[in-house]
Amino acid sequence: NGMMWLGPPARSVSALLDQRAADDPAPFDALAQQARDADVYLGCSCPTQKNPDVANCHTAHALRFMAERYPDLQVEHPG
């Protein structure tokens, strides 16, 4: 149809991450602890034809979330 997928709206991804962390913070805390102890790679295959802007990627949203929630982490953003 020629339409380009622009990814999920940032607000919905942020809201989902916030809700999941509120419901069960343990997985997020564990990931943060792993990142304090060693390098952790969160990634995907963006940019792609379907999602050419890496800033719209779910992984980019997750990286921003982790950086905001755990300001002591050194988070490197793609692009």
Side-chain angles (χ1 to χ4, degrees):
N1 66 12
M3 295 185 66
M4 184 184 310
W5 183 72
L6 297 176
R11 285 179 295 225
S12 66
V13 173
S14 295
L16 178 61
L17 288 167
D18 287 338
Q19 186 60 53
R20 287 183 177 177
D23 291 345
D24 184 8
F28 297 95
D29 294 342
L31 179 60
Q33 188 56 52
Q34 281 185 297
R36 289 182 191 101
D37 297 337
D39 289 343
V40 172
Y41 175 78
L42 298 181
C44 66
S45 57
C46 290
T48 63
Q49 185 176 8
K50 190 173 183 181
N51 182 24
D53 183 359
V54 72
N56 286 329
C57 174
H58 64 282
T59 302
H61 291 294
L63 290 169
R64 282 192 292 273
F65 172 83
M66 292 298 288
E68 291 172 7
R69 187 171 176 92
Y70 304 95
D72 63 305
L73 296 181
Q74 180 182 344
V75 176
E76 295 182 23
H77 300 273

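When a residue number appears, it is its place in the shown sequence, counting from 1. No hydrogens, no waters, no symmetry mates; every other heavy atom, side chains included, goes into these values. Since the structure is predicted, the reported quantities are computational estimates derived from the model, not experimental observations.
Within 6.0 Å of atom CZ in R20, 12 or fewer heavy atoms from other residues, nucleotides or ligands are found, so the atom counts as exposed in its surroundings. Sparse packing is recorded around CG of D39, with 12 or fewer heavy atoms of other residues, nucleotides or ligands lying under 6.0 Å away.
Across P47 and P52, no two heavy atoms sit closer than the pair CB-O, 3.2 Å. V54 and A60 make their closest contact through O-CB, 3.4 Å (heavy atoms, listed as atom of the first residue, atom of the second, distance). Minimum heavy-atom separation, L17 to H61: CD1-O, 3.9 Å.
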Distance-only donor-acceptor hits, side chain of residues 22-31, under 3.5 Å, sequence neighbours excluded:
| unit_1 | atom_1 | unit_2 | atom_2 | d |
| --- | --- | --- | --- | --- |
| D23 | OD1 | Q19 | NE2 | 2.7 |
| D23 | OD2 | Q19 | NE2 | 3.3 |
| D24 | OD1 | A26 | N | 3.4 |
| D29 | OD1 | Y70 | OH | 2.5 |

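Residues C46 and T59 fail the side-chain proximity criterion, which asks for heavy atoms closer than 4.5 Å.
Within the model, atoms CG of L73 and CD of Q34 stand 11.5 Å from one another, a figure rounded to the nearest 0.5 Å.
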